[in-house]
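These notes concern the structure reproduced below.
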Amino acid sequence: METRKLKIRDLTLRDGQQSLFATRLSQAEIDKLLPYYENAGFYIMEVWGGAVPDSVMRYLDESPWERLRICSKAMKGKSLLSALSRGRNLFGYVPYPNDVLEGFYKEAIANGLNVMRIFDALNDIDNVKDSIKMINSLGGIADGAVCYTVDPKPTEPTEKPGFFARLFGKKAAESEKIFTDEYFVRKATEMEALGAKIITLKDMAGLVNPLRAASIISKLKASVKVPVDFHTHCTPGYGLASSLMAILNGVDILDTNIWWFGGGSAAPAIELVYVFSKKLGIEVEANMEAVGEIRTRLLGARESLKAFDLGKMPKPFDPLKDVLPAQVDALFDTAIAAARNGDEDALLETCHAIEEYFGFPKPNEIVKNAEVPGGMYSNMVAQLKALGASDLLNDAMALIPMVRRDAGLVPLVTPTSQIVGSQAVSVALDRKKGQPDYSNPSNQFISLVKGEYGHTPVPVDPAFREKITGSPVEKPYDVSSYRKPQNPTLDEFGGAPLAKNKEEELLLELLPTVANTFLRKRREEEYKATAPAPEVKKEEAAAAPEEPVTGPTLKAPMGGRIISIDVKPGDAVSKGKLLLVYEAMKMENDVTAEFDAVVKRIFVKPNDVVGTDAVLIEFEG
């Protein structure tokens, strides 16, 4: 009988670092690992997409395209390289027309990308169908990802029913189950019919419990002909056990990370999957000796990320050399027996004992109860820390289910995870300041509620939509109205265009705010490298002291960066007039006048970074 084989998609260089270290792994650290990845034998390596294009520009001042090219050159075609794409949103936060999609996919494949995992945050098939067809036609492999999510928890009534209502009234009917096994299978078969060559059950929040993993994976295997991939996280404590269940139920590809980047809010470690598979007589298609070489060097990479490390460091383990204590080795056998018997409680208890022995983090009950993905959690922690509001983390996490429900029960995966998470933080800040909920909806939250991201799994309450958008009517995004961002000529840098080639133009289209800053730095560096040395100016007289602020002011609702300013000193503005746009937690926010006034002074300029309650504009008294 032929030995069954399990293919591996390694997530270490993309999703692993995003989930555990807020996507701060530099190219210099990746360069140290790539020579050993070449012979690791992974079926697929995920190296791009997700938060990488944004973060490497925003935080590391590096080129996303260069990262893809370097990885492709190093692998020499020995493993497929994959990226994560948000369907019609690509890596950005707005829907794009087909010419932008096709231009991006063409450039990505030309630079070494093989597999594009395509998903839509709303599981709206209309948002992925064109991407699947384009990737296939351009010679890539379209991987259709179905985003797993759960039905909302029952909402407690704000008022208790009266005595007679309790005595004679019917019990509140349970909400209709939306996210059934059949829901996910239907989405998968629709993607396969469109041309998806791989189907992924994408469990971005780690909420697929073991019995549900067994149920869905077995039904997917029975319903689609293409390979089935399982992607999950360990944050709530299901990841390892559910991965074992997926293996037992015939999954073809499993997403894992290498030891120091596994577990916690990331996907399971390949080393533990290898131990389980060996006991099951399943061959893991990876060179575990090469994996060991990567693991040795990955420890240094993790140590370089101490400032962003949210996890607990596991103890060292080499499954090829280390002999486990008999009682620990027996835990793997006990877990397999429990999985085969469908004893979920025993399976989870045993897998948690295995993880505890190796020193992986315990299940995160906050994340589990709030039903959020690990990457979203780590980003929220980093963002709140930057805002100086870390004390609001628990409040913001507790608000996520409410915000999600209000927005149409959207699955939490980028960009909806970022939109909902940022809005939950904003509501927590509203409550701390004694303001009504949703006093400061981001532009992206407004677009989501309006309907511009597509059809939500359940309709948004028209009354809530009117509260947020000003109209109860759903309004889809019209891609025909899309306008490419300007590519200005930078006179201060010798008349160079901001974006000088196709790949830079795409960065400007997909991530305009971040790319603007990144590209300006590149043009400045190029200009300084060729421009003559500036003349030394005589010391100027000291500036007059700043006039004290005496009039009414506009203050920043939360820390962020100024994107644009729409008024100037002397302008008369009426209530509701747009004053400026600022970015906080990757979300753009319009700031409007709260009363009729005349602008006296403006204290900020585009690209300035400001703190919460910083004075932005002073009005005439």
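- Between Arg522 and Glu525 there is a salt bridge, with a side-chain nitrogen of the basic residue lying less than 4.0 Å from a carboxylate oxygen of the acidic one.
- Inter-residue side-chain proximity for Pro35 and Tyr37 is flagged as unmet; no heavy-atom pair is nearer than 4.5 Å.
- Using modelled atom types, one finds a donor on one side chain and an acceptor on the other under 3.5 Å when comparing Glu509 with Tyr482.
- Within 6.0 Å of atom CZ in Arg340, 12 or fewer heavy atoms from other residues, nucleotides or ligands are found, so the atom counts as exposed in its surroundings.
- Between the Ser223 side chain and the Leu220 main chain, no donor and acceptor come within less than 3.5 Å of each other.
- The distance from atom CD1 of Ile258 to atom OG1 of Thr12, rounded to the nearest 0.5 Å, is 4.0 Å.
- Here CZ of Arg117 is found 3.5 Å from OG1 of Thr200. Values are rounded to the nearest 0.5 Å.
- Under a 4.0 Å N-O distance rule, the pair Glu190/Lys129 does not qualify as a salt bridge.
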Are Lys78 and Asn39 close enough, and set up right, to give a side chain to side chain donor-acceptor pair (under 3.5 Å), and what steps lead you there?
CA-CA 7 Å; Lys78 294 183 180 180; Asn39 297 312; 3.2 Å; yes

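- Aromatic ring centres of Phe104 and Phe91: separated by under 6.0 Å.
- In this structure, Leu507 CG and Phe518 CZ are separated by 7.0 Å, a value rounded to the nearest 0.5 Å.
- The closest side-chain heavy-atom distance from Glu182 to Lys219 is below 4.5 Å.
- Remark: Leu33 CG to Arg295 CZ distance equals 13.0 Å, nearest 0.5 Å.
- Of the listed residues (Asp255, Ile216, Thr149, Val208), just one forms a side-chain contact (heavy atoms from CB on, under 4.5 Å) with Asp203, and that residue is Val208.
- Side-chain contact check for Val420 versus Leu412: some heavy-atom pair is nearer than 4.5 Å.
- If you look at Tyr453 and Tyr477, their ring centroids are not closer than 6.0 Å.
- Ionic pairing of Arg69 and Glu503 is present here: one or more N-O contacts between side-chain nitrogen and carboxylate oxygen are shorter than 4.0 angstrom.
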Evaluate side-chain contact (heavy atoms from CB on, under 4.5 Å) for Lys133 paired with Leu194, printing each intermediate quantity in order.
CA-CA 7 Å; Lys133 293 175 183 176; Leu194 289 169; 4.1 Å; yes

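- No side-chain N or O of Arg86 forms a donor-acceptor pair with one of Asn127 less than 3.5 Å apart.
- Only one option out of Asp126, Asp120, Ile125 pairs with Leu122 in a side-chain contact (heavy atoms from CB on, under 4.5 Å); it is Asp120.
- Proximity of Leu20 to Trp260: side-chain heavy atoms (C-beta onward) are nowhere separated by under 4.5 Å.
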Might you work through the side-chain contact (heavy atoms from CB on, under 4.5 Å) test for Asn98 and Met134, ending with a clear yes or no?
CA-CA 9 Å; Asn98 280 356; Met134 289 177 192; 3.5 Å; yes

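- Leu272 has its side chain within reach of Leu240: a pair of non-hydrogen atoms, C-beta onward, lies under 4.5 Å apart.
- Note that CD of Glu271 is 8.0 Å distant from OG1 of Thr256, once rounded to the nearest 0.5 Å.
- With Tyr148 as the fixed residue, the ring-ring contact (aromatic ring centres under 6.0 Å, His included) test singles out one of Tyr238, Phe230, Phe184, Phe179: Phe184.
- Between the side chains of Glu505 and Asn501, no donor-acceptor pair is found at a separation under 3.5 Å.
- Contact annotation: the side chain of Arg302 approaches that of Met313 to within less than 4.5 Å [non-hydrogen atoms, C-beta and beyond].
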Could you go through Arg67 and Val47, starting from their C-alpha distance and side-chain angles, then the distance that decides it, and tell me whether this counts as side-chain contact (heavy atoms from CB on, under 4.5 Å)?
CA-CA 8 Å; Arg67 176 162 295 196; Val47 298; 6.0 Å; no

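- With Phe493 as the aromatic partner, Arg523 does not meet the cation-pi criteria of under 6.0 angstrom to the ring centre and within 45 degrees of the ring axis.
- Under the 6.0 Å distance and 45° angle rule, Arg88 does not count as a cation-pi partner of Tyr96.
- For the pair Ser243 and Thr232, the minimum side-chain heavy-atom distance is below 4.5 Å.
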Check step by step if side-chain contact (heavy atoms from CB on, under 4.5 Å) holds for Leu60 and Ser55.
CA-CA 7 Å; Leu60 304 176; Ser55 293; over 6 Å; no

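- Side-chain atoms of Arg58 and Thr517, non-hydrogen and from C-beta on, never get closer than 4.5 Å to each other.
- Shown here is Glu285, whose CD atom has more than 12 heavy atoms of other residues, nucleotides or ligands within 6.0 Å.
- Surrounding NZ of Lys5 are at most 12 heavy atoms belonging to other residues, nucleotides or ligands under 6.0 Å away.
- Taken from CG in Leu25 to OH in Tyr59, the straight-line distance is 15.5 Å, to the nearest 0.5 Å.
- Around NZ of Lys315, the count of heavy atoms belonging to other residues, nucleotides or ligands within 6.0 Å exceeds 12.
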Run the side chain to side chain donor-acceptor pair (under 3.5 Å) check on Ser79 and Tyr43 step by step: do they pass?
CA-CA 5 Å; Ser79 290; Tyr43 177 52; over 6 Å; no

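- Atom NZ of Lys279 sits in a crowded spot, with more than 12 heavy atoms from other residues, nucleotides or ligands closer than 6.0 Å.
- Atom NZ of Lys106 has 12 or fewer neighbouring heavy atoms from other residues, nucleotides or ligands inside a 6.0 Å radius.
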When you look at Phe21 and Phe261, which way does the ring pair (Phe, Tyr, Trp, His ring centres under 6.0 Å) test go after all the steps?
CA-CA 9 Å; Phe21 313 117; Phe261 278 42; 4.8 Å; yes

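- Residues Phe360 and Trp259 place their aromatic rings such that the two centres sit under 6.0 Å apart.
- Between Leu6 and the options Asp252, Val273, Ile253, a side-chain contact (heavy atoms from CB on, under 4.5 Å) holds for only Val273.
- Other residues, nucleotides and ligands place more than 12 heavy atoms under 6.0 Å from the CD atom of Glu66.
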Begin with the C-alpha distance, continue with both residues' side-chain angles, and end with the deciding distance and a verdict on salt bridge (charged side-chain N to carboxylate O under 4.0 Å, His left out) for Arg9 and Asp143.
CA-CA 12 Å; Arg9 185 189 312 237; Asp143 173 6; 2.7 Å; yes

